[in-house]
Amino acid sequence: HNSKSALEHMVIASKALGRPLPSGAQVHHVDCDGLNNKNDNLVICPSKSYHKLLHVRMRAIAATGNPEYRKCHFCKNWDDPSVMRVINLYGEPERYEHGECQRKYQRDRSVKRKEK
């Protein structure tokens with residue numbers, strides 16, 4: 001969409017708040033429809049990281065019914081993060097993985113190297 005419609009949700013959220021949005025704030029569309037700028041579909045997020053967290057939790061709810069669950073980077077299955085490792089490499093978004101999935105990936109990678 002064009003820049004006018006891309007900013008419309010920011011203007012509407014600012015009017016609903018009664019003042020300019022705080023610096024760094026982002027506006028989240030609850031139904032994920034960027035064209036639905038009704039007040040009850042907009043959530044003002046204090047930061048980009050909070051906005052990303054809302055999307056992560058929405059995907060977890062859709063997949064498992066549990067907003068706390070995370071997807072394993074290797075097997076792509078959703079699980080309780082308490083049984084997973086959290087990896088955060090050099091400023092990239094955090095990544096969740098099962099220890100066994102990561103070990104299997106490393107074993108498979110090692111076998112492929114030896115086959116070359």
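Just so you know, these numbers use all the heavy atoms, side chains as well, and skip hydrogens, waters and symmetry mates. This structure is a prediction, so every number in the text was calculated from the model and none was measured.
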Cys101 and Met84: side chain to side chain contact (heavy atoms under 4.5 Å, CB included), yes or no, with the steps? CA-CA 10 Å; Cys101 295; Met84 302 169 84; over 6 Å; no
Does His73 form a ring pair (Phe, Tyr, Trp, His ring centres under 6.0 Å) with His98? I'd like the steps, not just the answer. CA-CA 8 Å; His73 177 75; His98 295 108; over 10 Å; no
Please lay out, stage by stage, how Ile87 and Glu97 fare under the test side chain to side chain contact (heavy atoms under 4.5 Å, CB included). CA-CA 8 Å; Ile87 309 297; Glu97 59 188 43; 3.6 Å; yes
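With respect to the salt-bridge test (charged N to carboxylate O, under 4.0 angstrom), the residues Arg113 and Glu115 do not qualify. In this structure, Arg57 pairs ionically with Glu68, as a charged nitrogen and a carboxylate oxygen lie closer than 4.0 Å. A salt bridge is defined here as a Lys NZ or Arg NE, NH1 or NH2 lying under 4.0 Å from an Asp or Glu carboxylate O, and Glu94 with Arg85 fails to meet this definition.
For the side-chain hydrogen bond (donor to acceptor under 3.5 Å, both in side chains) test with Gln26, the passing option among Lys48, His51, Lys52 is His51; the others fail.
Shortest non-hydrogen contact noted between Asn36 and Asp31 is ND2-OD2, 2.7 Å. Of all non-hydrogen atoms in Lys76 and Lys71, the two that sit nearest each other are O-CG, 3.3 Å. Nearest approach of Gly65 to Pro67, heavy atoms of both residues: O-CD, 3.9 Å. The two atoms that bring Tyr69 and Ala60 nearest to each other are O-CB, 3.3 Å, heavy atoms only. Nearest heavy-atom pair across Leu42 and Ala13 is CD1-N, 4.3 Å. The two residues Arg70 and Leu53 make their nearest non-hydrogen contact at NH2-CD1, 3.8 Å.
Residues Val56 and Tyr50 do not share a hydrophobic cluster, defined by chaining ILVMFWY side chains whose heavy atoms lie under 4.5 Å apart. Under the 4.5 Å side-chain contact rule for hydrophobic residues, Leu17 and Val27 share a cluster. Hydrophobic cluster membership differs between Leu89 and Val86, with clusters built from Ile, Leu, Val, Met, Phe, Trp and Tyr side chains linked at under 4.5 angstrom.
Side chains of Asp80 and Ser82: a donor-acceptor N/O pair is present below 3.5 angstrom, by distance only.
Taking the six-membered ring for Trp and thresholds of 30 and 60 degrees, His9 and His29 have ring planes inclined between 30 and 60 degrees apart.
In this structure, OG1 in Thr64 is found 11.5 Å from CG in Asn77, a value given to the nearest 0.5 Å. Atom CG of Asn66 sits about 10.0 Å away from atom CH2 of Trp78, to the nearest 0.5 Å. The CZ atom of Phe74 sits 6.0 Å away from the OH atom of Tyr105 when rounded to the nearest 0.5 Å. Annotation: the span from Leu54 atom CG to Cys45 atom SG amounts to 4.5 Å, rounded to 0.5 Å.
Under the 3.5 Å distance criterion, the side-chain polar atoms of Ser14 are left unmatched by any main-chain donor or acceptor of Met10.
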